[in-house]
Amino acid sequence: MGKEDFRQALSDFTFDVASGGAIRHLTDLGYTVKQIQEQLDFPTPVARIQEGVWKRLVDTGVILLEEPWRQAPKEKVNYIREYDSYGKASFRRIVETNPQPETAGAYLVCEFGLLRYRDGEKYKKVLGALDERQAEYIDGLPWPLRKVWHRADERMLEIERRLRAAGLEQGACSTLSQSGEY
């Protein structure tokens with residue numbers, strides 16, 4: 001491990017201790033990036049908060065980076081402590097495959113990243129059609145320059161309804177059928 005690798009590992013560890021757990025917890029509670037920044041005791045750059053929130057949303061299956069119907073079964077790894085006849089502890093690795101991905105359910109296809117960079121005027125209109133907290137949620141996430149799928153939770157369904165009512169859902173956030181068509 002080189003000096004740069006060590007510095008990065010130390011930086012990641014420090015970040016996780018200072019803010020990472022709080023960011024994950026507040027993300028799970030539905031806070032926006034801006035609200036999380038206001039809640040943190042340790043000054044954390046917005047980019048790090050965005051990165052932590054995005055990672056949490058992807059890790060928990062709220063956001064999928066590939067089509068929901070193409071999700072492979074997830075593996076969960078556990079370690080079991082066992083003792084031999086002399087009392088010496090050892091660990092056995094257990095891999096459980098979940099045949100039903102945790103991502104089962106309804107999703108909305110979101111193209112906010114593409115929209116932000118390709119059509120800034122429409123992106124501003126999309127944010128203007130939303131209430132303050134909804135716009136804060138969408139604008140605070142580091143959407144990639146491609147389609148992603150967001151779980152159709154209450155917040156996203158309301159965002160999609162508002163965009164549909166304003167005629168702005170196409171190319172921003174829309175529902176899709178089981179076959180994957182819009």
Q: CZ of R146 to SG of C110: how many Å apart, nearest 0.5 Å?
A: 12.5 Å

Q: My understanding is that only residues two or more places apart in sequence, or in another chain, count here; which of them pass side chain to side chain donor-acceptor pair (under 3.5 Å) with K55?
A: D59

Q: According to a hydrophobic-cluster definition based on side-chain heavy atoms being under 4.5 Å apart (Ile, Leu, Val, Met, Phe, Trp, Tyr only), do V126 and Y117 belong together?
A: no

Q: To the nearest 0.5 Å, what is the distance between OH on Y31 and NE2 on H25?
A: 7.5 Å

Q: To the nearest 0.5 Å, what is the distance between CG (L157) and OG1 (T175)?
A: 9.0 Å

Q: Y83 and Y79: same hydrophobic cluster, using ILVMFWY side-chain contacts below 4.5 Å?
A: no

Q: Looking at G113 and L145, what are the two nearest heavy atoms and their distance?
A: O-CD2, 3.4 Å

Q: Parallel, tilted or perpendicular: which describes the rings of W143 and F112, with under 30° parallel and over 60° perpendicular?
A: tilted

Q: Run the numbers on T27 and T60 for side-chain contact (heavy atoms from CB on, under 4.5 Å), then give the verdict.
A: CA-CA 10 Å; T27 299; T60 57; over 6 Å; no

Q: Indicate the atoms forming the closest heavy-atom contact of D131 with Q134, along with that distance.
A: OD1-N, 2.8 Å

Q: So, taking the atom named CG in L114 and the one named CG in D119, what distance separates them when rounded to the nearest 0.5 Å?
A: 11.0 Å

Q: With rounding to the nearest 0.5 Å, note down the distance linking CD1 in I80 to CD1 in I94.
A: 4.0 Å

Q: What are the two closest heavy atoms between L40 and A22, and how far apart are they?
A: CD2-CB, 3.7 Å

Q: Quick check against the 3.5 Å criterion: does R116 have a side-chain atom that pairs as donor or acceptor with the backbone of D139?
A: yes

Q: Can you find a pair of side-chain heavy atoms, one from L115 and one from K122, that are under 4.5 Å apart?
A: yes

Q: In Å and rounded to the nearest 0.5 Å, what is the CG to CD1 distance from L163 to I138?
A: 8.0 Å

Q: Give a yes or no on this: more than 12 heavy atoms of other residues, nucleotides or ligands lie within 6.0 Å of atom CD of E38.
A: yes

Q: So for atom OH, which belongs to Y137, do other residues, nucleotides or ligands contribute more than 12 heavy atoms lying within a distance under 6.0 Å?
A: yes

Q: Should C173 and H150 be marked as a side-chain contact (heavy atoms from CB on, under 4.5 Å) after you check the CA-CA gap, both sets of side-chain angles, and the distance that decides it?
A: CA-CA 9 Å; C173 180; H150 193 295; over 6 Å; no

Q: Is it true that R164 and E160 have a side-chain N and a carboxylate O under 4.0 angstrom from each other?
A: yes

Q: Give a yes or no on whether L65 and L141 share a hydrophobic cluster (residues Ile, Leu, Val, Met, Phe, Trp, Tyr; joining criterion: side-chain heavy atoms under 4.5 Å apart).
A: yes

Q: Would one find more than 12 heavy atoms of other residues, nucleotides or ligands at under 6.0 Å from atom CD of E82?
A: yes

Q: List the atom of L130, the atom of A135, and the distance in Å for their closest heavy-atom pair.
A: CB-N, 3.9 Å

Q: Under the side-chain contact (heavy atoms from CB on, under 4.5 Å) criterion, do R56 and I23 qualify, and how do the steps go?
A: CA-CA 9 Å; R56 182 63 176 183; I23 290 171; over 6 Å; no

Q: Between the main-chain N or O of R161 and the side-chain N or O of E169, is there a donor-acceptor pair closer than 3.5 Å?
A: no

Q: Any carboxylate oxygen within less than 4.0 angstrom of a Lys/Arg side-chain nitrogen, looking at R133 and E136?
A: no

Q: Which heavy-atom pair separates V33 from Q50 by the least distance, and what is that distance?
A: CG1-CG, 3.9 Å

Q: Could you check whether any side-chain N or O of R155 sits under 3.5 Å from a backbone N or O of G30, counting only pairs where one atom can act as donor and the other as acceptor?
A: yes

Q: Answer yes or no: is there a side-chain heavy-atom contact under 4.5 Å between M156 and I159?
A: yes

Q: Is the backbone of G61 close enough, under 3.5 Å, to the side chain of R151 for a donor and an acceptor to pair up by distance?
A: yes

